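Just so we're clear, the structure is a prediction, and the values are computed from it rather than from any experiment. Letters A, B, ... are given to chains in the order of the sequence lines, protein chains preceding strands, and every chain is numbered from 1.
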Protein chains: 4
Amino acid sequence: MIDKNSPVPIYSQIEEYIRDLIRKGELQPGQTLPSEREYSEQFQVSRMTIRQAITKLVNEGYLYRKKGSGTFVAETKFEQALQGLTSFTEDMKARAYAK
Amino acid sequence: MIDKNSPVPIYSQIEEYIRDLIRKGELQPGQTLPSEREYSEQFQVSRMTIRQAITKLVNEGYLYRKKGSGTFVAETKFEQALQGLTSFTEDMKARAYAK
Amino acid sequence: MIDKNSPVPIYSQIEEYIRDLIRKGELQPGQTLPSEREYSEQFQVSRMTIRQAITKLVNEGYLYRKKGSGTFVAETKFEQALQGLTSFTEDMKARAYAK
Amino acid sequence: MIDKNSPVPIYSQIEEYIRDLIRKGELQPGQTLPSEREYSEQFQVSRMTIRQAITKLVNEGYLYRKKGSGTFVAETKFEQALQGLTSFTEDMKARAYAK
DNA sequence: GTGGTCTAGACCACT
DNA sequence: GTGGTCTAGACCACA
């Protein structure tokens with residue numbers, strides 16, 4: 001799934017891997033992601049690499065983090081992809097979570 | 001008052017908040033502090049975070065804890081310097097607790 | 001070595017265990033301690049319990065922590081008394097860390 | 001369910017109440033009990049009273065406690081009541097949990 | 001891959 | 001009903 005010899009940066013590959021799981025619905029909105037440490041072991045890469053991938057997905061609005069609790073799949077992106085525009089309220093709600 | 005998005009750790013912010021209350025005299029020597037669980041609810045953080053703040057103030061001699069009773073404002077170094085001598089008993093009591 | 005049914009808090013037992021290693025010279029000044037997560041596994045207790053033990057030893061000046069690197073044995077008061085003067089630089093370094 | 005005006009001590013009433021839940025299978029072996037604080041609120045009694053009740057059930061082998069985790073329904077008593085004697089292995093297993 | 005911070009609880013010891 | 005200890009994790013900042 002992840003090719004360490006690929007010219008594509010590993011964090012991009014992981015980023016794409018997670019984005020796919022969300023798009024395919026294998027990771028549902030509100031659901032907790034595997035922890036950074038789990039991904040770190042699974043892909044045999046450093047936690048920094050995992051964090052790079054996750055941080056991009058957070059910035060893109062796919063995920064949000066809650067310190068001490070975990071990383072979660074956001075509502076917005078999923079609905080945007082599915083339904084086009086989200087309502088103002090939903091948007092604000094998602095942003096609130098992202099804090 | 002407390003900014004969860006600040007790079008300053010929450011427990012440091014709370015520590016500073018309580019230290020200020022003492023300095024401004026809103027918390028008087030001998031007075032009982034709100035309980036850890038009350039602060040926990042007030043600031044919407046976990047009790048361990050509150051304990052980190054209070055523990056630092058205990059180590060600095062601003063507060064002392066009494067098991068089963070609560071957390072109290074100590075006879076501070078500041079007041080000792082300002083008001084001269086405290087009574088021997090009070091002094092020993094404060095020192096004992098300050099440990 | 002650690003008795004979970006003892007009335008002595010586990011963190012105190014671990015604190016004493018590490019202090020002994022230092023006193024007996026099995027942990028030499030400057031040496032890196034096993035990581036908190038290693039101790040956590042070794043003693044089958046949560047990391048927070050290990051941290052309580054280590055934090056006390058840090059406050060007492062036996063150990064110092066370096067973010068991202070590890071926990072190290074300090075140039076102890078004991079050795080300072082025994083060996084006379086340490087170099088100015090080493091001394092300042094130890095004091096800085098001991099804070 | 002609990003009668004504060006009864007001559008039967010409140011902790012005995014609570015003890016009996018929980019024992020019944022176990023006997024009726026509403027609390028299954030391995031299951032977590034509601035926390036001391038929850039019971040304390042539910043019955044409007046102090047936590048000491050709850051602890052008295054639970055401690056008796058622990059001593060009788062109906063429950064076991066895991067610090068930091070919770071109080072759980074034991075296997076033994078249930079099986080003893082149902083099947084008479086438990087096997088040596090099961091007994092040891094239950095004792096192991098009780099640690 | 002370490003230490004730092006934090007969560008959302010739990011049971012324990014004590015007043 | 002307080003503070004004390006502890007769990008089983010999580011994410012964060014750094015080297």
Undergrad: Do the side-chain N or O atoms of B/Tyr11 get closer than 4.0 angstrom to the phosphate oxygens (OP1, OP2) of E/dC6?
TA: no
Undergrad: Can you tell me if B/Gln13 uses its side chain to pair, donor with acceptor, with the backbone of B/Asp3 under 3.5 Å?
TA: yes
Undergrad: What is the distance, to the nearest angstrom, from the CG atom on D/Leu57 to the P atom on E/dC11?
TA: 14 Å
Undergrad: Can you find a heavy atom in the side chain of B/Glu36 that is under 4.5 Å from one in the side chain of B/Glu41?
TA: no
Undergrad: With a 4.5 Å cut-off on side-chain heavy-atom distances among I, L, V, M, F, W and Y, is there a chain of contacts connecting D/Val73 to D/Leu21?
TA: yes
Undergrad: How many angstroms lie between OG1 in B/Thr55 and CD in C/Gln52, if you round to the nearest 0.5 Å?
TA: 8.5 Å
Undergrad: Nearest to the side chain of A/Glu36 - F/dA15, F/dC11, E/dC12?
TA: F/dC11
Undergrad: Using only side-chain N and O atoms of D/Arg37, determine if any of them is under 4.0 Å from OP1 or OP2 of E/dG9.
TA: no
Undergrad: Looking at B/Arg47, I'd like to know whether one of its side-chain N or O atoms comes within less than 4.0 Å of OP1 or OP2 on E/dG9.
TA: no
Undergrad: Measure CD1/C/Ile50 against P/F/dA8 and give the value in whole Å, please.
TA: 13 Å
Undergrad: Considering every strand and a 4.0 Å limit on heavy-atom distances, what is the contact class for C/Ile10: base, sugar-phosphate, or nothing?
TA: sugar-phosphate
Undergrad: Whole angstrom is fine here: how far is it from CG in C/Asn5 over to C1' in F/dC6?
TA: 14 Å
Undergrad: Could you tell me the separation between the NZ atom of C/Lys56 and the C1' atom of F/dG4, rounded to a whole number of Å?
TA: 12 Å
Undergrad: Map C/Gly68 and C/Val45 onto DNA chain F by nearest heavy atom, then report which one ends up closer to the 5' terminus.
TA: C/Val45
Undergrad: Between A/Tyr39 (OH) and F/dC12 (C1'), how many Å, whole number?
TA: 19 Å
Undergrad: Send over the distance from A/Lys66 NZ to E/dG9 C1', rounded to a whole Å.
TA: 13 Å
Undergrad: Is there a continuous path of hydrophobic side-chain contacts, each under 4.5 Å between heavy atoms, that joins B/Val58 to B/Tyr62?
TA: yes
Undergrad: If you check every side-chain atom of C/Ser46, which of E/dT5, F/dA8, E/dA10 has the closest atom?
TA: F/dA8
Undergrad: Provide, to the nearest angstrom, the distance between the CD atom belonging to C/Glu15 and the P atom belonging to F/dC6.
TA: 12 Å
Undergrad: Counting only side-chain N and O atoms of C/Thr49, is one of them less than 4.0 Å from OP1 or OP2 of F/dT7?
TA: yes
Undergrad: Of all heavy-atom pairs between D/Lys4 and D/Gln44, which one has the smallest distance, and what is that distance?
TA: NZ-O, 2.6 Å
Undergrad: Is the phosphate of E/dC11 approached by D/Thr71 (side-chain N or O, under 4.0 Å from OP1 or OP2)?
TA: yes
Undergrad: Taking for each residue the nucleotide of DNA chain E bearing the nearest heavy atom, is the 5' side occupied by B/Ser69 or by D/Pro34?
TA: D/Pro34
Undergrad: Under 4.0 Å, heavy atoms only, any strand: does B/Glu38 hit a base, just the sugar-phosphate, or nothing?
TA: nothing
Undergrad: Between E/dT15, E/dC11, F/dA15, which nucleotide gets closest to the side-chain atoms of D/Met48?
TA: E/dT15
Undergrad: Taking atom P of E/dG9 as reference, at what distance in whole Å does atom CD of B/Gln44 sit?
TA: 11 Å
Undergrad: Let me have DNA chain E in dot-bracket notation, would you? Count Watson-Crick plus G-U wobble pairs, both distances under 3.5 Å, and use [ ] for pairs crossing earlier ones and | for inter-strand partners.
TA: ||||||||||||||.
Undergrad: Tell me whether the side-chain N/O atoms of C/Ser35 come closer than 4.0 Å to OP1 or OP2 in E/dT2.
TA: yes
Undergrad: Any chance CD of B/Gln42 has more than 12 other-residue heavy atoms, nucleotides or ligands included, within less than 6.0 Å?
TA: yes
Undergrad: Drop me the distance from B/Phe43's CZ to B/Ile50's CD1, to the nearest 0.5 angstrom.
TA: 6.0 Å
